[in-house]
Protein chains: 2
Amino acid sequence: MSSAAKVIDALAALAQEHRLALFRLLVQSGEAGLPAGVIAERLAMPASSLSFHLAHMERAGLIRRTRHGRSLIYAADYAAMNGLIAYLTENCCAGASCVQPIAEERNAA
Amino acid sequence: MSSAAKVIDALAALAQEHRLALFRLLVQSGEAGLPAGVIAERLAMPASSLSFHLAHMERAGLIRRTRHGRSLIYAADYAAMNGLIAYLTENCCAGASCVQPIAEERNAA
DNA sequence: TCGATATTTCCAGAATTATCGAATCATAGG
DNA sequence: CCTATGATTCGATAATTCTGGAAATATCGA
């Protein structure tokens with residue numbers, strides 16, 4: 001994930017209303033993921049539009065797909081998101097002022 | 001930062017080659033920030049193009065500007081980036097698989 | 001007040017991205 | 001082999017974003 005180009009792809013993939021909602025939905029769905037049809041229903045979106053966004057996110061490396069019979073199952077790639085957050089933490093923060101609050105978050109949880 | 005719309009604005013602001021470089025430059029420059037002219041020179045970019053990107057990032061809340069004589073000084077808003085990372089950590093990760101590595105990062109540092 | 005400097009705003013054109021119906025592809029089951 | 005189902009790809013259009021020169025704005029110093 002370290003290269004800036006990949007980071008930009010990931011950021012761009014998430015920087016869209018439908019795709020951010022899509023990713024959050026997949027995160028909630030866990031490793032098992034969800035078939036495209038169910039996602040389309042949950043997000044109330046035409047199949048072809050959803051397919052466009054799914055392809056976009058897969059290209060960016062944020063989600064993975066597997067086939068299960070006629071269904072294509074999509075699942076969040078947690079490692080990719082982890083890498084993105086690591087990049088932002090390491091390259092776009094100023095030490096204490098940015099890393100600390102996350103540490104507090106962990107203690108609070 | 002919590003609202004999804006604001007998060008999308010911040011992600012979109014960072015999801016662009018020149019703006020990501022710009023933000024990283026400002027992060028490195030610390031609280032003191034940098035005048036627009038210096039940024040334009042460092043990023044080798046026409047003044048009007050840079051101005052477009054600076055405005056974009058300021059609208060997204062990621063940078064702040066202050067005037068100093070004829071110069072407009074831009075500086076990274078660390079709290080905003082912190083909020084963005086917090087949102088991603090809380091909403092786009094699956095507990096252990098995403099939060100843990102960041103914890104390791106802290107221990108290693 | 002005048003001229004120089006720092007930067008933005010305006011504008012038009014180029015490039016990219018999003019939308020979604022219709023056509024197509026892949027698989028399952030009879 | 002045929003049909004139904006789940007999903008993608010195609011294609012055309014609409015909308016948004018990026019680019020950079022020229023003009024306008026703000027400030028400083030003499």
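No hydrogens, no waters, no symmetry mates; every other heavy atom, side chains included, goes into these values. A, B, ... follow the sequence lines: proteins, then strands. Residue 1 opens every chain.
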Note to self: Whether the side chain of A:Ser71 and the base of D:dG6 hold a donor-acceptor pair under 3.5 Å is what I'd like checked.
What the structure shows: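 In this structure, the two groups form no donor-acceptor pair.
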Just the rounded figure in Å: distance from [atom2] of [N] to [atom1] of [X].
X: B:His56; N: C:dT8; atom1: NE2; atom2: P; answer: 15 Å
X: B:Leu14; N: D:dC18; atom1: CG; atom2: C1'; answer: 17 Å
X: A:Leu22; N: C:dT19; atom1: CG; atom2: P; answer: 12 Å
X: A:Leu54; N: D:dG6; atom1: CG; atom2: P; answer: 16 Å
X: A:Arg67; N: D:dA7; atom1: CZ; atom2: C1'; answer: 8 Å
X: B:Phe52; N: D:dT17; atom1: CZ; atom2: P; answer: 8 Å
X: B:Arg42; N: C:dA6; atom1: CZ; atom2: P; answer: 16 Å
X: B:Glu17; N: C:dT16; atom1: CD; atom2: P; answer: 12 Å

Next item on the list: Check whether any side-chain nitrogen or oxygen of A:Ser48 sits under 4.0 Å from OP1 or OP2 of C:dC20, and answer yes or no.
Entry: no
Checklist line | Residue mapping more 5' on DNA chain C - nearest nucleotide basis, A:Ser49 or B:Tyr74 | finding: B:Tyr74
Next item on the list: Could you check A:His68 against A:Arg19 and say which one's nearest nucleotide on DNA chain C is further toward the 5' end?
Entry: A:Arg19
Notebook entry, point to check: Under 4.0 angstrom, heavy atoms only, what part of the nucleic acid is B:Ala47 near: base, sugar-phosphate, or nothing?
Noted result: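 Base: the residue B:Ala47, judged by heavy atoms under 4.0 Å, touches a nucleobase.
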Minimum-distance nucleotide (side-chain atoms of [X] versus [options]):
X: A:Arg70; options: C:dT27, D:dT9, C:dG21; value: C:dT27
X: B:Leu72; options: C:dT7, D:dT9, D:dT19; value: C:dT7
X: A:Gln16; options: C:dT9, C:dT7, C:dA18; value: C:dA18

Check: Got a second to check how far B:Ile73's CD1 is from B:His68's NE2, nearest 0.5 Å?
Finding: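 Rounded to the nearest 0.5 Å, the CD1-NE2 separation comes to 6.5 Å.
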Check: Going only through I, L, V, M, F, W and Y residues with side-chain contacts under 4.5 Å, is there a path from B:Met45 to B:Phe52?
Finding: no
Next item on the list: Mind listing the closest non-hydrogen atom pair of B:Val27 and A:Cys93 along with its distance?
Entry: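 For B:Val27 and A:Cys93, the tightest heavy-atom pair comes out as CG1-O, 3.4 Å.
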Note to self: Please give me the minimum heavy-atom distance between B:Ala36 and B:Leu50, naming the atom from each residue.
What the structure shows: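 Nearest pair, atom of B:Ala36 first, then B:Leu50: O-CD2, 3.3 Å.
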Next item on the list: Measure from the side-chain N and O atoms of B:Arg19 to the backbone N and O of B:Ala13, and report whether any donor-acceptor pair falls under 3.5 Å.
Entry: yes
